[in-house]
Protein chains: 2
Amino acid sequence: MENKLSHTEENYLKAIFKITERAEKVASTNKIAEQVQTSAASVTDMLKKLNDKSLINYEKYKGATLTPDGIRLATQLVRKHRLWEVFLYDKLKFPWEQIHDIAEELEHINSDDLINRLDNFLGNPRFDPHGDPIPTSEGKFMLRNQSTLDSVPIHSKVILVGVSHHSSEFLTYLNSINVKLGTKFKITGKNSYDNSLTVESNGTQLLITHEVSKNLLVKPG
Amino acid sequence: MENKLSHTEENYLKAIFKITERAEKVASTNKIAEQVQTSAASVTDMLKKLNDKSLINYEKYKGATLTPDGIRLATQLVRKHRLWEVFLYDKLKFPWEQIHDIAEELEHINSDDLINRLDNFLGNPRFDPHGDPIPTSEGKFMLRNQSTLDSVPIHSKVILVGVSHHSSEFLTYLNSINVKLGTKFKITGKNSYDNSLTVESNGTQLLITHEVSKNLLVKPG
DNA sequence: TAGTTTTTTTAGATGTATCTAAAAAGCTGA
DNA sequence: TCAGCTTTTTAGATACATCTAAAAAAACTA
Ligand SMILES: [Mn+2]
Ligand SMILES: [Mn+2]
Ligand SMILES: [Mn+2]
Ligand SMILES: [Mn+2]
């Protein structure tokens with residue numbers, strides 16, 4: 001029935017999943033190219049191939065969406081990625097800014113038994129170290145009520161529950177201003193010129209640029 | 001200085017390492033082809049490439065040996081393979097016949113930090129679940145005094161300390177006759193016709209074929 | 001609507017890893 | 001020593017993943 005996919009094919013599926021997960025209805029060639037860091041021409045080739053394998057729906061000039069099979073595979077990849085991140089963080093004590101890149105490789109190891117044992121070994125965690133929900137082996141997500149910090153009203157009190165980028169640079173910056181999951185913020189000011197915020201956190205005032213605030217996921221608290 | 005190697009290149013290095021580790025002085029094209037399960041023609045191509053990268057010494061029709069750089073890389077691969085096997089066995093409770101194939105993939109994950117943290121997390125084990133010694137991060141092996149079961153004299157008492165094949169079939173067979181690391185044997189008979197042995201183990205008599213006995217590593221005890 | 005710009009696809013190459021078939025080299029035993 | 005067998009290499013394909021440049025389609029916008 002189903003042939004094994006190459007790492008590359010898997011990374012494309014995950015990219016399309018990420019893009020269509022939130023706003024976008026279809027994943028455009030250019031968006032995918034940016035996500036997997038390759039040329040648009042390469043993406044077109046791969047979209048044809050994944051379409052032939054019935055993992056995506058793709059028509060020339062109309063972008064791609066995942067089929068049910070594609071969704072299932074992409075969700076399993078996300079599950080593996082996030083469980084490995086928990087392993088690296090909880091068990092091997094890696095800092096949160098170093099785990100994403102290693103998990104990007106570990107997620108391609110192919111064994112359902114392995115990942116289910118790992119899940120169990122880790123105590124069936126429901127969120128990864130960046131606050132993202134971990135799909136169950138049936139592919140179920142636990143969605144959480146969250147907003148981005150740039151969208152909450154002035155004077156609100158919120159708690160950081162996630163970050164939408166996992167890059168080492170971004171997370172290292174958050175470390176430097178002493179911001180981590182669970183950190184509480186009170187919005188003390190909004191600058192409409194550049195959409196930056198002033199917030200109170202751990203008893204100190206911080207300036208948060210829009211570039212940063214739109215990647216911080218918070219809930220009321 | 002040093003470019004990253006592909007999984008394939010790494011598997012060839014490990015194959016040459018294994019072949020030249022014991023008896024053979026050089027690894028022949030055919031031996032390597034058998035080890036990595038490919039054609040002799042493909043091996044010739046790869047030997048040229050690894051020679052160009054100064055990881056092996058190779059001359060047409062004369063087989064290959066590892067250079068110091070090649071030895072270093074192959075030893076690190078063996079270290080990674082065996083440490084992952086310990087993880088799968090000790091932490092995830094996989095049976096010993098299922099760990100080799102998964103470790104074959106995990107060994108290619110590229111991070112010194114990862115493998116040193118894993119080593120530490122596992123309590124710096126010195127042997128893997130098949131009884132093979134685990135190289136240190138400096139590439140040092142702890143060699144052990146061992147012989148193959150087919151070479152010990154009649155009436156000897158020995159303990160199983162290792163197995164030289166990690167295939168699921170072989171290890172499942174050992175499970176079926178209740179043989180594991182630490183099992184004690186007393187050689188009660190030798191059949192010179194087919195080199196099979198009769199041994200006493202756990203209070204029962206077992207017939208061990210030569211094919212099996214030459215893959216059982218024992219020490220006196 | 002008719003440029004103009006942006007996005008996407010096609011065409012044509014390159015590099016890696018593989019294969020089979022055929023040629024060449026090496027080994028061996030009468 | 002040389003004929004025949006074995007081993008290894010070469011030659012020529014294929015498949016995959018990638019690229020750049022050019023062409024085509026779609027989307028803006030004046
Ligand atoms: Mn991640
Ligand atoms: Mn990946
Ligand atoms: Mn093994
Ligand atoms: Mn391997």
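The chains referred to below are lettered A, B, ... by the order of the sequence lines, with proteins before strands, and numbering in each begins at 1. Only this structure's heavy atoms are used, side chains among them; waters, hydrogens and symmetry mates stay out.
Under 4.0 angstrom from either OP1 or OP2 of D:dT18 there lies no side-chain N or O belonging to A:T38. B:K62 has no side-chain polar atom (N or O) that falls below the 4.0 Å cut-off from OP1 or OP2 of C:dA25. Side-chain N/O atoms of B:K60 include none lying less than 4.0 angstrom from OP1 or OP2 on D:dT7. Distances shown here put every side-chain N or O of A:N30 at or beyond 4.0 Å from the OP1 or OP2 atom of C:dT6. Checking the phosphate oxygens (OP1, OP2) of D:dT9, a side-chain nitrogen or oxygen of B:Y58 falls inside 4.0 Å.
B:K91 forms no cation-pi arrangement with A:F87, by the criterion of a distance under 6.0 Å to the ring centre and an angle within 45° of the ring axis.
Ring pair A:H7/A:H108 is parallel by interplanar angle, where below 30° counts as parallel and above 60° as perpendicular.
Of the candidates B:L118, B:D128, B:L122, B:W84 forms a side chain to side chain contact (heavy atoms under 4.5 Å, CB included) with just one, namely B:L118. Only one option out of B:R82, B:H81, B:K80 pairs with B:E107 in a side-chain hydrogen bond (donor to acceptor under 3.5 Å, both in side chains); it is B:H81.
To the nearest angstrom, P of D:dT9 lies 6 Å from OH of B:Y61. Atom NZ in B:K48 sits roughly 16 Å away from atom C1' in C:dG15 (whole-Å rounding). Rounding to whole angstrom units, CG of residue A:D52 and P of D:dA15 are separated by 14 Å. If you take CD1 of A:I32 and P of C:dT7, they are 14 Å apart, rounded to a whole angstrom. When rounded to the nearest whole Å, the span between CG of B:L47 and P of D:dT10 equals 11 Å. One can place NZ of B:K53 at 10 Å from C1' of C:dT16, the figure rounded to the nearest angstrom. The nearest whole Å value for the distance from the CG atom in B:L5 to the P atom in C:dT16 is 13 Å. Spacing between atom CE of A:M46 and atom C1' of D:dC16 amounts to 8 Å, rounded to whole angstrom units.
When distances run from any side-chain atom of B:A40 to the nucleotides D:dT9, D:dA26, D:dC19, the shortest one goes to D:dT9. Side-chain atoms of B:T44 lie closest to D:dT9 of the nucleotides C:dC19, D:dC19, D:dT9.
If you check every strand for non-hydrogen atoms under 4.0 Å, A:K31 touches nothing. Using a 4.0 Å heavy-atom cutoff across all strands shown, A:T29 reaches sugar-phosphate atoms only and no base atom. Backbone-only contact: A:T8 has heavy atoms under 4.0 Å from sugar-phosphate atoms and none from a base.
How far CZ of B:F141 is from CG of B:D132: 8.5 Å, rounded to the nearest 0.5 Å.
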